[in-house]
2 protein chains.
Amino acid sequence: MRLVIARCSVDYAGRLSTHLPPAVRLLIVKADGSVLVHTDDGGYKPLNWMSAPCTMVEEPVAEGADGEDTGWRVWRITNRGGETMTITVSEVLHDSAHHLDPGPGLVKDGVEKQLQALLSERCHVVRPDLQLVRREYPTDIGPVDLLCRDGDGGYVAVEIKRRAEIDGVEQLTRYLSRLRPALGGNVEGILVALDFKPQARVLAAERSIACVQVDYDELRGVESAFLRLF
Amino acid sequence: MRLVIARCSVDYAGRLSTHLPPAVRLLIVKADGSVLVHTDDGGYKPLNWMSAPCTMVEEPVAEGADGEDTGWRVWRITNRGGETMTITVSEVLHDSAHHLDPGPGLVKDGVEKQLQALLSERCHVVRPDLQLVRREYPTDIGPVDLLCRDGDGGYVAVEIKRRAEIDGVEQLTRYLSRLRPALGGNVEGILVALDFKPQARVLAAERSIACVQVDYDELRGVESAFLRLF
DNA sequence: AATTAGATCTCGACT
DNA sequence: AGTCGAGGTCTAATT
């Protein structure tokens with residue numbers, strides 16, 4: 001990894017065009033060739049970047065009739081697909097290279113999948129009469145999170161989100177449109193989430209999809225109590 | 001901005017929990033207090049991060065009964081909301097601070113808004129008989145990009161995307177379901193984009209929504225020719 | 001290669 | 001502060 005602090009201007013041309021006027025910024029060149037341009041404010045995401053695979057050519061900037069070297073350097077970074085990032089460096093304040101470890105993977109815990117696992121084992125939390133038929137029940141446009149049967153022997157499709165937005169309602173609607181013919185009859189839809197955007201509730205109501213809000217800590221608490229008992 | 005190359009492990013606890021085992025990584029502390037953890041592979045996005053506003057406390061790690069200093073240091077970064085990132089640093093290979101310019105803004109060009117502006121002035125490109133009623137015509141679920149009248153005095157709602165996907169069809173469908181009662185009658189829908197995913201075309205066809213593909217350069221060319229004439 | 005759905009999404013605009 | 005829509009979304013999983 002190479003770290004450069006430099007006064008530079010940056011131009012990107014690809015899916016859109018952007019221009020950054022000259023200023024002192026951080027340039028990161030990673031081992032895989034990708035380049036990031038960061039400022040001191042803002043956060044998280046680079047002002048400009050080029051992802052690997054890409055190639056960088058660094059060349060001097062000549063000026064005038066005699067082609068005298070200006071001391072400036074231009075970095076031309078391109079990828080397949082013809083996107084280009086051009087960094088014109090007029091002053092280098094820091095330039096160092098470092099050997100970093102190839103990262104051991106990031107271990108994640110606690111996302112939607114976990115919620116699905118918890119609810120698949122306790123779908124009565126969603127509605128007391130529900131009994132799980134199958135988790136990740138397949139349809140021809142992808143698997144619905146939970147397929148259950150209710151007290152009357154009817155089917156209930158459950159879509160689980162950390163945060164329910166309008167897209168979640170659309171998604172469940174598409175599943176229902178496939179499940180209803182496939183299961184030969186009525187299939188209810190329930191959207192379960194830790195919290196709901198108002199628009200999601202409105203659209204769900206329009207389509208007779210129930211919304212059930214669950215609490216993550218409570219859900220884990222129930223789970224812990226369950227484990228403690230057995 | 002502070003740049004540190006260090007052997008470290010990282011734990012994040014907040015919206016989810018993550019753990020990174022010890023390895024040599026890049027730590028960036030920005031002027032606003034935000035902290036980024038980068039590796040040499042992957043790209044664009046940090047392995048872990050904490051966005052501003054947040055506060056960092058750096059303290060030595062004591063060990064044993066006598067509390068002898070291990071030479072290790074732990075960075076505790078917290079924000080409002082109780083999210084925490086804990087970086088345990090066992091070896092520092094580089095540590096430097098730099099003064100960067102507060103960035104002059106990034107200038108963007110070529111996004112959907114530009115496309116909308118171009119098409120609002122030349123909606124006959126979409127279909128020759130169209131005449132603009134209003135750009136960003138409001139409905140109770142948000143504004144539709146263009147509302148036009150056609151040759152027969154009927155209404156046409158136009159949704160514009162850089163890339164038309166299934167969501168764009170859903171979005172236009174929702175607008176139409178609001179516009180039809182509001183405008184008292186038939187309202188056609190047209191989806192305009194630089195390119196179309198096949199599934200978007202299929203769903204649009206099912207719903208009698210026309211798909212019109214436009215070329216960005218051509219659109220700007222038409223515009224230039226127009227300006228050159230007058 | 002293409003498609004789908006998630007993300008500690010982030011980011012900006014608007015209310 | 002909350003909501004909503006867009007993103008050079010990116011990213012991983014699956015077909």
Side-chain angles (χ1 to χ4, degrees), chain A residues 11-18 34 37 42-52 54 79 81-85 105-106 108-116 136 138-145 159-168 170-172 174-175 195-203, chain B residues 10-18 34 36-37 42-52 54 77 79-85 105-106 108-113 115-116 136 138 140-145 159-163 165-168 170-171 174-175 197-200 202:
Chain A
D11 289 277
Y12 162 79
R15 278 162 284 183
L16 54 72
S17 300
T18 66
S34 55
V37 181
Y44 178 79
K45 120 180 202 186
L47 278 172
N48 276 111
W49 71 94
M50 185 71 80
S51 298
C54 63
N79 66 2
E83 293 180 291
T84 62
M85 182 164 66
L106 180 68
K108 290 189 181 187
D109 175 32
V111 243
E112 182 184 318
K113 203 141 269 181
Q114 191 112 13
L115 202 58
Q116 194 192 103
E136 299 280 359
T139 77
D140 57 354
I141 53 165
V144 65
D145 287 334
E159 180 65 29
I160 300 165
K161 296 282 173 203
R162 192 176 61 79
R163 182 172 173 76
E165 305 187 16
I166 210 162
D167 283 357
E170 300 286 17
Q171 193 181 347
L172 180 51
R174 290 196 295 272
Y175 288 139
D195 75 315
F196 283 81
K197 285 202 178 185
Q199 284 206 340
R201 284 192 192 276
V202 171
L203 188 62
Chain B
V10 185
D11 289 276
Y12 163 78
R15 279 161 284 184
L16 54 73
S17 301
T18 67
S34 55
L36 315 182
V37 181
Y44 180 81
K45 131 179 194 184
L47 278 172
N48 277 110
W49 71 93
M50 184 74 77
S51 298
C54 62
I77 304 126
N79 65 2
R80 287 68 148 171
E83 294 179 291
T84 63
M85 183 164 66
L106 181 67
K108 289 190 181 185
D109 174 32
V111 240
E112 183 184 317
K113 202 141 272 183
L115 203 57
Q116 196 192 102
E136 300 279 359
D140 57 354
I141 53 165
V144 65
D145 288 333
E159 180 64 29
I160 301 166
K161 295 285 172 200
R162 192 177 59 79
R163 183 173 172 77
E165 306 186 14
I166 208 164
D167 283 357
E170 302 284 18
Q171 193 181 347
R174 290 195 298 271
Y175 289 140
K197 285 203 177 183
Q199 287 210 341
V202 171

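Lettering follows sequence order; numbering is per chain, from 1.
- A:Arg201 has its CZ atom 17 Å from the C1' atom of D:dC4, to the nearest Å.
- In terms of position on DNA chain C, the residue among A:Ile141 and B:Glu83 whose nearest nucleotide sits closer to the 5' end is A:Ile141.
- The shortest distance between the side-chain N/O atoms of A:Arg174 and the OP1/OP2 oxygens of C:dA5 is below 4.0 Å.
- Atoms CG (A:Asp195) and C1' (D:dA1) sit 15 Å apart, rounded to a whole Å.
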Whether each nucleotide of nucleotides 9-15 of chain C has a protein heavy atom under 4.0 Å at its base (B), only at its sugar-phosphate (S) or at neither (-) is summarised, 5' to 3', as SSS----
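- With C1' as the reference atom, D:dA6 and C:dA7 are 15 Å apart, rounded to whole Å.
- Regarding A:Glu170, its CD atom lies at a distance of 17 Å from the C1' atom of C:dG6, rounded to whole Å.
- Note: NZ (A:Lys161) to P (C:dT8) measures 14 Å, nearest angstrom.
- A:Arg201 is linked by a side chain to side chain contact (heavy atoms under 4.5 Å, CB included) to A:Phe196, A:Cys211, A:Gln213, counting only residues two or more places apart in sequence or in another chain.
- Among the atoms of the strands shown, only primed sugar atoms or phosphate atoms (P, OP1, OP2) are found under 4.0 Å from some heavy atom of A:Tyr175.
- Legend: residues meeting side chain to side chain contact (heavy atoms under 4.5 Å, CB included) with B:Thr84, ordered by chain and number and at least two apart, are B:Ala13, B:Thr78.
- Only the P atoms considered, D:dT11 is 15 Å distant from C:dC11, to the nearest whole Å.
- Here the closest non-hydrogen pair linking A:Glu83 and A:Met50 is O-CE, 3.5 Å.
- For the side chain to side chain contact (heavy atoms under 4.5 Å, CB included) test, residues two or more places apart in sequence or in another chain that qualify with A:Asn48 are A:Val10, A:Tyr12, A:Thr18, A:Leu20, A:Val37, A:Met85, B:Leu106.
- Each of A:Thr18 and A:Pro198 lies near DNA chain D, and the nucleotide nearest A:Pro198 is the one positioned closer to the 5' end.
- Comparing D:dG7 with C:dG6, their C1' atoms sit 15 Å apart, to the nearest whole Å.
- Between A:Asp11 atom CG and D:dG8 atom C1' the separation is 15 Å, expressed in whole Å.
- By the 4.5 Å heavy-atom criterion applied to side chains, B:Glu170 and A:Ile166 are not counted as neighbours.
- Contacts of B:Asn48 with the nucleic acid, taken as non-hydrogen atoms under 4.0 Å apart, include base atoms.
- Using a 4.0 Å cut-off, some side-chain N or O of A:Gln199 falls inside it from OP1 or OP2 of D:dG5.
- Taking atom NZ of A:Lys108 as the reference point, atom C1' of D:dA12 lies 10 Å away to the nearest angstrom.
- Between A:Ser34 and A:Ala52 the shortest heavy-atom distance is CB-N, 3.6 Å.
- For the side chain to side chain contact (heavy atoms under 4.5 Å, CB included) test, residues two or more places apart in sequence or in another chain that qualify with A:Asp167 are B:Asp167.
- Taking A:Gln199 as the reference, nothing meets the side-chain hydrogen bond (donor to acceptor under 3.5 Å, both in side chains) condition, with sequence neighbours excluded.
- Regarding B:Leu16, its CG atom lies at a distance of 14 Å from the C1' atom of D:dT11, rounded to whole Å.
- For C:dT3, neither phosphate oxygen OP1 nor OP2 lies less than 4.0 angstrom from any side-chain nitrogen or oxygen of B:Lys197.
- Between B:Arg163 atom CZ and D:dG7 atom C1' the separation is 14 Å, expressed in whole Å.
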